[in-house]
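Here is the structure we will look at.
Chain naming here is simple, since letters A, B, ... match the order of the sequence lines and numbering starts at 1 in each. Hydrogens, waters and symmetry mates are skipped; everything else that's a heavy atom, side chains included, is used.
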Amino acid sequence: MLDLRALTKNFGGVVAVDGLDLTVEEGKIVALIGPNGSGKSTTVNLIAGIFPASGGAITFKGQDITDKLPHRTLECGIARTFQNIRLFNELSVWQNLWVAQNAPETRKSQNFLKRWMSGSALARRSVEEELAFADLADKRDELAGNLAFGEQRRLELARSLAAKPSLLLLDEPAAGMNLEEVKALDGRLRKLQERGITILLVEHVMGLVMGIADRIAVLNFGRKIAEGTPTEVQADELVREAYLGTPDTSTSQAAP
Amino acid sequence: MQFWYGLAQLVGVHTILGLSAYVILQTGQVSMAQAGFLAIGAYVSGMLTTMGGWHIVPALLVGGVTAAVVATIVGFPALRVKGLMFVVATIAFGEAVRLFWFNFTYQVKQGADMVGPVGGEGFKQIRYFPANGWTDLDRALFILGLMAIVMAGVWWLDRSRVGVVLRAVGEDDLAAQSVGVNLTAVKVGAFAISGFIAGIGGSLYSHYTTHIEHLNFGIVLATFAIAYPIVGGLHNVFGTLAAVIFIQGFLVEGLRFLGDWRNLLFGALIVVAMNVSPRGFVSVYRDLSTYWRRRVYSGAIFTVVLIIVGEAAGGEVVAFVDGLLGRSGLQFNHMAWIAFLVVMAVWSWRGLAILIVMIPAGLQRLSGVLRDSLGGSAARRPRRTA
């Protein structure tokens, strides 16, 4: 579904991503792990189109999306969340989702005027569904900036889902969450997988990653040093050396 | 009555100007180009009615559309930059428009006269209203009516998804882009809408002043344009109207009698207004602490009571006070405003700061008054001691 071929990104002299090859198959949850500064977030930003790649190609559903701007990649069906939460704080919870109505599916269901004025009943219903999915239905009229941290994380997830993506890029969705919230996130991600949404997950919380990911790719200094199922990756010598450390860290949070 | 009609027209035009800035401010862009759009609308529609003999309604629509087209053309390059660079770019655009009209001369013969804009001398023959027998009341109602329509339009836009998307872009354009908002389209669209609104405002402006020149559309006007929505608050269009009434009605017209003091007070009072309601006039009630509410309300009530008592007591009280004030050049009604300021001032350190700022100007004024009365005519002295 998503193919990265020799993807490279330089920031001045620093090579953030160095010839990365990665394939994400439809319906799977693929995790991208690695130490801080290894190029995980850069990869997500490259796929989303935040900045242009220095080299290589990104193909999504057979379409070249390497140089597309973020709103174009979203129209192709790729939505994302941010590492540091980026909500529209002065807008209500409901309005935050209301902004994300430019996906082709919603476009087809409503004409131009309707889309920009009130929106069709269908679009409104989908907003309500995503709010319910994120357990925010009772907070729909509160300002996003007034929500608690965990709620803001859920709202950001709901906002990206409101754009009806087929691929979801999650940049550290569990950062700062307690164990209970991580468990709830785990359940939510599994439900998303059942809905047929493919997920590319960047995460440091190994408890979440090892339990949920179908495949894991490990980055270090912008290069992929290992790829495979969670068991394969955990057994990999290079990965232990670069990131996981001692064998039993897979059940707790990795050291930063 | 003449004065109030004039003020109503001024408020109408400036509110439209403020609303044009309101739209683009929603996207987080501070645009100094609004005076330029106003100038385009003013000149284009003025030429259409005066030289082309058009009716005013199509003329002002064409004026608005022209400004919108220019805004779209300018918007593509200008909106590629953000923040301060955008401010600089739009200042440059505003000045370019002003200088264009400074150099623009195009006249046609109409009867015995030549009519049309003449470069630096301006465009002096916009006589549509008097020539068609519009009274002052007609004009004021026409302008206020259009203001109401524009305001309703912007209010509706604000409540629709357009407003939500504009605000989202203003808050975090990267996040907005990541949920599918085409930034270029939205920003240029907002700029075009704001240009259209300013163009309509400009058309009204040129027709009620009957004489425009390039100097009317400088940086000061552009600053006013963005000051209205900021002072009034970016949550609601009515804030812009409130701010225009406050700034034009109270600060500019109401304090005109203060002469030298006015400019000093002008800035200070805007600071006070921003302090009292940091999120704009619309949320003033919510923002005011009971402490401030008491002061503002009692000050206002005090002023109103003073005016009513003065008016009810008829000429004698006014004449008596005017006699007391004598040569200071102040009059009874002015005392009401001053009383309001003093009531506000003595109750808080913020007001005290304003008083301190005012002291140098006050002393200067006072010494002038004293010098006048001491060295003045001897005939006046017996009456003062009597």
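Side-chain contact between A:Phe88 and B:Arg167 is absent, with no heavy atoms from C-beta onward closer than 4.5 Å.
Panel note: side chain B:Gln177, backbone A:Leu69; no donor-acceptor pair is recorded below 3.5 Å. Without hydrogens or angle criteria, A:Glu90 side chain to B:Glu171 main chain gives no donor-acceptor distance under 3.5 Å.
The nearest pair of heavy atoms linking B:Val181 to A:His71 is O-CB, 3.5 Å. The shortest non-hydrogen separation linking B:Arg161 to A:Val99 is NH2-O, 2.8 Å.
For A:Ile50, the part lying near chain B is the side chain, with the backbone staying farther off; criterion is any non-hydrogen pair under 4.5 Å. Of the two parts of A:Asn96, neither the backbone nor the side chain holds a non-hydrogen atom closer than 4.5 Å to a non-hydrogen atom of chain B.
Within 6.0 Å of atom CZ in B:Arg159, 12 or fewer heavy atoms from other residues, nucleotides or ligands are found, so the atom counts as exposed in its surroundings. Counting non-hydrogen atoms of other residues, nucleotides and ligands closer than 6.0 Å to CZ of A:Phe11 gives a total above 12.
Between chain A and the options B:Ser160, B:Ala176, B:Ala168, heavy-atom pairs under 4.5 Å are most frequent for B:Ala168.
To the nearest 0.5 Å, the span separating CZ on A:Arg159 from OG on B:Ser178 amounts to 8.0 Å. In this structure, A:Leu91 CG and B:Asp172 CG are separated by 11.0 Å, a value rounded to the nearest 0.5 Å.
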